[in-house]
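Please read the structure below before turning to the comments.
Residue numbers run from 1 in the order of the sequence given.
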Amino acid sequence: MDPASQDINLNSPNKGLGVDRSDSLSDVPVEGAVGNPANPLPPGLTEEEAEELRTELTKVEEEINTLRQVLSAKERHATELKRKLGLSPLNELKQNLSKSWQDVQTSNAYLSASATLEDITRSEAYKKTQETLSQAGQKTSAALNSMGSVIKKGLGDMRNSPTFKSFEDKMG
């Protein structure tokens, strides 16, 4: 595929794909464009200077297009190398997340917060709160267990009642 036939607009959905430019509007003059003869020269600029600037602008635009083509080719080459090495976008994301987490863990803010948290867990208030919550959890668990036993016994008694037996006989 010849580079001149590639769509090199980096924002284009056709980036790097062959595109037929035979019907391109690139040669259509745009109102107010530098090369448009209807555009008057700025004050203090001669026709020669304007032509020189137009020529330089054309060269710079060509260089920009060439650089875009080179960048696009290098991006494709990098993608191909990553594919050959078995580096998928998911693996790259995992590596980036792992490195970011490592950076967070070695940051001053994280280390300071960890030290503060460690100080809090050693405090008397924390230990008393932890003990109180632990006792409350144990008492709640015991209450729920006894309530479950009472409900289970009540349902068992109801099932053995003459009314339930009569209802069960009618349904069966």
Test side chain to side chain donor-acceptor pair (under 3.5 Å) applied to [X] - qualifying residues, sequence neighbours left out:
X: E63; value: none
X: R83; value: E80
X: D103; value: K99

Legend entry - Side chain proximity check, K128 to E131, heavy atoms < 4.5 angstrom: no
Inset, instruction - List, by chain and number, the other hydrophobic cluster members for L117, where Ile, Leu, Val, Met, Phe, Trp and Tyr join if side-chain heavy atoms come within less than 4.5 Å, directly or indirectly. - result: none
Legend entry - Apart from L144 itself, residues in the same hydrophobic cluster as defined by side-chain heavy atoms under 4.5 Å: M147, I151, L155, M158
Legend entry - Step-by-step side-chain contact (heavy atoms from CB on, under 4.5 Å) determination, E124 to K127: CA-CA 5 Å; E124 272 309 304; K127 289 177 182 174; 4.3 Å; yes
Legend entry - side-chain contact (heavy atoms from CB on, under 4.5 Å) between S141 and N145, worked out: CA-CA 6 Å; S141 178; N145 279 338; 4.1 Å; yes
Legend entry - Derivation and outcome, side chain to side chain donor-acceptor pair (under 3.5 Å), residues S72 and R76: CA-CA 6 Å; S72 177; R76 284 192 304 275; 2.7 Å; yes
Inset, instruction - For E118, enumerate each residue passing the salt bridge (Lys or Arg N to Asp or Glu O under 4.0 Å) test, keeping only those at least two apart in sequence or located in another chain. - result: R122
Inset, instruction - Could you tell me whether a side-chain N or O of S112 sits under 3.5 Å from a main-chain N or O of A109, the two making a donor and an acceptor? - result: no
Legend entry - Carboxylate-amine/guanidinium proximity below 4.0 Å for D157 and K153: yes
